[in-house]
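Labels below follow one simple rule: chain letters A, B, ... track the order of the sequence lines, proteins then strands, and each chain is numbered from 1. Since this is a predicted model, take the numbers as computed values, not measurements. We use all heavy atoms of the structure for the numbers below, so side chains are in, but hydrogens, waters and symmetry mates are not.
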Amino acid sequence: MLYQAPRGTNDILPEDWPYWRHITATIERLAGLYGFEHIDTPIIEVTELFERGAGAGADVMVQKEMYTLEDNGGVSLTLRPEFTAGIMRAYLEHGMKVKPSPVKLYSMGPIFRQERPQAGRYRQHTQWNVEALGEIDPAVDFEVMSIAYSLFAELGFQDLAFQINSIGCPNCRPAHIAALVEYFSGHRSRLNEIDLRRLEINPLRLLDSKEEAMQGLIEDAPRSIDYLCDECREHFAALRGYLDAAGLSYTVNTLLVRGFDYYTKTVFEVWAEGIGAQAAVCGGGRYDGLIELLGGPPTPGIGFGSGIERQILTLKAQGIVPPPLPAPRVQVSYIGRGEIGQQAKQAAVSLVSDLRAAGIGAVLPFGDRSLKSQLKSANRADVAFVVIIGEGELASGQFTVRDLTDSQQQPVDRAAVVAWLQERLP
RNA sequence: GUGACCAUAGCUCAAUCGGCGGAGCACCUGGUUGUGGCCCAGGAGGUUGUGGGUUCGAGCCCCAUUGGUCACCCCA
């Protein structure tokens with residue numbers, strides 16, 4: 001094989017397209033229903049935008065996983081590893097703060113991270129991203145979670161686990177972090193090398209440890225919800241009230257955290273069964289500090305990203321079949337040798353054009369193959385009717401129309417074929 | 001970045017101890033001068049991922065490399 005798709009990238013083949021269309025069509029419909037507006041930002045941004053968003057501790061790793069290039073003017077650009085930073089930039093650049101709050105936006109498109117591929121994790125993957133900016137009301141948290149919930153419900157997912165947590169804000173989180181550090185420092189001997197590093201760099205991440213021996217320790221670790229300030233506690237309680245009122249089932253998962261510092265208050269994920277270790281099919285949270293970090297005025301925001309490829313893995317794992325794509329229902333076949341064959345072929349080309357102009361999907365066999373071969377193809381393509389044009393049909397002006405479902409055929413006047421088929425096709 | 005397993009036809013897989021690379025499915029043609037599905041016959045399709053090494057001889061053994069799968073790290 002001379003060329004292969006680069007590591008971690010995938011071709012979306014025709015047989016997978018029904019899944020993509022099903023998901024994206026559902027997303028478009030829900031966006032209209034919820035009042036989220038579509039925004040597309042560039043796939044490349046100035047590298048600094050993503051670096052500033054990352055925060056201390058994580059920045060080295062973040063840089064390592066970004067696809068960064070220098071343009072001819074010496075400007076460092078990066079293929080977006082996430083949506084949020086670019087959306088925030090556009091929000092600031094276009095002065096969207098003057099729009100009624102919250103500004104509700106969604107995007108869909110590829111993102112790039114230079115990671116080792118594994119099940120449900122690719123270097124180029126596609127995300128549906130939703131953001132609501134400029135409003136602190138916990139009802140906005142509910143709104144954002146609700147549209148994700150609706151998508152998964154409409155797609156027919158079973159056994160999804162909605163996980164929520166509150167990790168507090170710059171006022172109350174330091175006390176929780178300090179308690180975590182103190183707690184785990186008292187059990188240093190039970191931490192492996194990786195967890196010891198987490199203790200130094202990002203103590204919250206200790207709660208994510210997959211180390212078997214750590215699980216008991218983690219269960220008894222200080223919980224963020226026990227350290228929330230009044231504002232954060234009330235926010236979380238109100239959000240839970242809205243979720244309960246709307247009947248959205250969820251689990252409070254006190255071990256759910258985020259890797260980056262700018263997250264505040266609400267964090268949530270949705271987990272799917274049967275798609276491997278990368279089970280989060282949706283992840284998001286509130287980031288009231290991010291826009292300030294990027295040089296804008298204090299602006300609250302909440303959003304999530306949801307990987308389309310993982311959604312498709314989930315659909316397949318659960319045996320959910322997407323609706324079929326529209327396909328041509330009519331084939332126009334031509335037969336005969338020499339001059340007559342040419343006339344038949346021309347009549348077929350003409351009829352196919354008429355059918356398509358009338359909105360009837362039609363295909364023409366190529367290569368002057370035998371009728372048998374043409375019917376074989378029609379059968380495989382799941383065509384409903386085959387119009388046959390040969391010497392007899394040219395002479396009589398009546399084309400033969402064969403119904404493939406019952407194998408009956410009959411002559412139809414050339415001028416009446418389009419209407420005849422229109423009547424019988426849904 | 002770390003580790004394990006893997007790579008033979010478009011797909012799923014065989015190939016005995018290192019001894020002439022096969023099957024099923026799919027595709028094309030024919031069996032019927034112009035009639036699909038089922039059946040039968042035939043055909044096409046391969047530098048065994050790539051490069052090197054050992055050997056009289058390598059799909060098989062060794063090294064490297066690329067890619068895949070899965071997990072870890074990380075997770076925006």
- prompt: In whole Å, what is the span from the CG atom of A:Leu404 to the P atom of B:C38?
  reply: 14 Å
task: Report the distance from atom CD of A:Glu65 to atom P of B:A76, rounded to the nearest whole Å.
output: 11 Å
query: Between A:Asp141 and A:Arg286, is there a donor-acceptor pair closer than 3.5 Å when you use the side chain of the first and the backbone of the second?
result: no
task: Evaluate the salt bridge (Lys or Arg N to Asp or Glu O under 4.0 Å) criterion for residues A:Glu28 and A:Arg21: first the C-alpha distance (whole Å), next the side-chain angles of each, then the deciding distance (0.1 Å), finally the verdict.
output: CA-CA 10 Å; A:Glu28 296 295 340; A:Arg21 199 193 60 149; over 6 Å; no
query: Among B:U35, B:G37, B:A76, which is the nearest nucleotide to the side chain of A:Asn379?
result: B:G37
query: What is the distance from CZ of A:Arg258 to C1' of B:C74, rounded to the nearest Å?
result: 13 Å
task: Can you measure from CG (A:Leu180) to CD1 (A:Ile218) and round to the nearest 0.5 angstrom?
output: 10.5 Å
Distance (rounded to the nearest 0.5 Å) between A:Phe268 CZ and A:Leu256 CG: 10.0 Å
message: Between B:A71 and B:A15, how far apart are the two C1' atoms, rounded to whole Å?
response: 32 Å
- request: Give a yes or no on whether a salt bridge exists between A:Arg258 and A:Glu269, defined as a side-chain N under 4.0 angstrom from a carboxylate O.
  value: yes
message: Suppose you measure atom P in B:C70 against the same atom in B:A64; what distance do you get, rounded to whole Å?
response: 25 Å
message: Which nucleotide, if any, forms a Watson-Crick or G-U wobble pair with B:C39, using both distances under 3.5 Å?
response: B:G31
- prompt: Would you say A:Gln278 has more than 12 foreign heavy atoms packed within less than 6.0 Å of its CD?
  reply: yes
task: Could you pick out which residue, A:Leu371 or A:Val257, lies toward the 5' side of RNA chain B when each is mapped onto its nearest nucleotide?
output: A:Leu371
- request: Please measure how far the C1' atom in B:G24 lies from the corresponding atom in B:C20, and state the result in whole Å.
  value: 23 Å
- prompt: Could you state the CE-P distance from A:Met66 to B:G1, rounded to the nearest angstrom?
  reply: 16 Å
- line: Under a 3.5 Å limit on both distances, the Watson-Crick or wobble mate of B:U54 is none
message: Counting the atoms with a prime plus P, OP1 and OP2 as sugar-phosphate, which does A:Ile194 contact under 4.0 Å by heavy atoms, base, sugar-phosphate, or nothing?
response: sugar-phosphate
- prompt: Considering only B:A76, B:G1, B:U35, which nucleotide approaches the side chain of A:Arg116 most closely?
  reply: B:G1
- request: Kindly say if A:Gln4 contacts the phosphate of B:G67, meaning a side-chain N or O under 4.0 Å from OP1 or OP2.
  value: no
Base-pairing assignment for B:G3 (Watson-Crick or G-U wobble, both under 3.5 Å): B:C70
query: Is the shortest side-chain N/O distance from A:Arg7 to OP1 or OP2 of B:G68 below 4.0 Å?
result: yes
message: Which nucleotide, if any, forms a Watson-Crick or G-U wobble pair with B:A9, using both distances under 3.5 Å?
response: none
B:U33 and B:G37, which share atom name P, separated by this distance in whole Å: 16 Å
message: Does the structure show a Watson-Crick or G-U wobble partner for B:A76, both distances under 3.5 Å? Name it, or say none.
response: none
task: Select base, sugar-phosphate, or nothing to describe what A:Glu115 touches, counting heavy atoms under 4.0 Å on all strands.
output: base
- request: Before accepting this row, confirm whether a basic side-chain N of the pair A:Arg190/A:Glu211 lies closer than 4.0 Å to the acidic partner's carboxylate O.
  value: no
field: Approximate separation, where rounding is to 0.5 Å, of A:Tyr287 OH and A:Thr84 OG1
entry: 5.0 Å
Residue pairs involving residues 402-426 of chain A (criterion ring pair (Phe, Tyr, Trp, His ring centres under 6.0 Å); sequence neighbours excluded): A:Phe385-A:Trp420
field: Test side-chain hydrogen bond (donor to acceptor under 3.5 Å, both in side chains) applied to A:Thr9 - qualifying residues, sequence neighbours left out
entry: none
field: Distance-only donor-acceptor test (3.5 Å): side chain A:Arg121, base B:C74
entry: yes
- prompt: With a 4.0 Å cut-off on heavy atoms, is A:Arg80 in touch with a base, just the backbone sugar-phosphate, or nothing at all?
  reply: nothing
field: Ionic contact status for A:Lys316 with A:Asp16, cut-off 4.0 Å
entry: yes
query: B:U12 and B:A58: how far apart are their P atoms, nearest whole angstrom?
result: 28 Å
query: If we call it a pair only when both distances are under 3.5 Å in a Watson-Crick or G-U wobble match, what pairs with B:A15?
result: none
- prompt: Considering only heavy atoms, which members of residues 336-348 of chain A lie under 4.0 Å from some atom of RNA chain B?
  reply: none
query: Nearest-Å distance, CZ (A:Arg205) to P (B:C73)?
result: 10 Å
- request: May I ask you to say what A:Tyr263 touches in the nucleic acid, namely base, sugar-phosphate or nothing, with a heavy-atom cut-off under 4.0 Å?
  value: sugar-phosphate
statement: Per nearest nucleotide of RNA chain B, the residue lying toward the 5' end, A:Tyr122 or A:Asp208, is A:Tyr122
N/O to N/O distances under 3.5 Å, protein versus nucleotides 28-30 of chain B:
| residue | atom | partner | partner atom | Å |
| --- | --- | --- | --- | --- |
| B:C28 | OP1 | A:Arg380 | NH2 | 3.1 |
| B:C28 | OP2 | A:Arg380 | NH1 | 3.4 |
| B:C28 | OP2 | A:Arg380 | NH2 | 3.4 |
| B:U29 | OP1 | A:Ser373 | OG | 3.3 |
| B:U29 | OP2 | A:Ser373 | OG | 3.3 |

- prompt: According to a strict under-4.0 Å criterion, is A:Gln118 in side-chain N/O contact with OP1 or OP2 of B:U69?
  reply: no
message: Rounded to whole Å, how long is the line connecting atom CG of A:Leu206 with atom P of B:C75?
response: 12 Å
query: Whole Å only: how far is the CG atom of A:Asp16 from the P atom of B:C11?
result: 15 Å
task: Give a yes/no answer on whether the side chain of A:Arg198 brings an N or O atom under 4.0 Å of OP1 or OP2 in B:C73.
output: yes
field: d(CG, A:Leu256; C1', B:C75) in whole Å
entry: 12 Å
query: Looking only at atom P, what distance separates B:G21 and B:G46, rounded to whole Å?
result: 15 Å
query: Base, sugar-phosphate, or nothing: which does A:Ala378 touch, judged by heavy atoms less than 4.0 Å apart?
result: nothing
- prompt: The side chain of A:Ile335 lies closest to which of these nucleotides: B:C75, B:A71, B:G34?
  reply: B:G34
- request: Taking side-chain hydrogen bond (donor to acceptor under 3.5 Å, both in side chains) as the test, write out the residues that go with A:Asp137, two or more places apart.
  value: none
- prompt: Got more than 12 heavy atoms from elsewhere within 6.0 Å of CD, A:Gln215?
  reply: yes
Base-pairing assignment for B:G21 (Watson-Crick or G-U wobble, both under 3.5 Å): none
- request: Pick the C1' atom in B:G57 and in B:C61, then give their distance to the nearest Å.
  value: 13 Å
- prompt: So, A:Glu135 and A:Lys99, do they make that salt bridge, N to O below 4.0 Å?
  reply: no
query: For RNA chain B, what residues of residues 385-397 of chain A have any heavy atom nearer than 4.0 Å?
result: A:Ile388, A:Gly390, A:Glu391, A:Gly392, A:Glu393
message: Is it the case that the side chain of A:Ser224 and the backbone of A:Ser166 share a donor-acceptor pair, with hydrogens and angles ignored and the cut-off at 3.5 Å?
response: yes
- request: Pick the P atom in B:G1 and in B:C38, then give their distance to the nearest Å.
  value: 49 Å
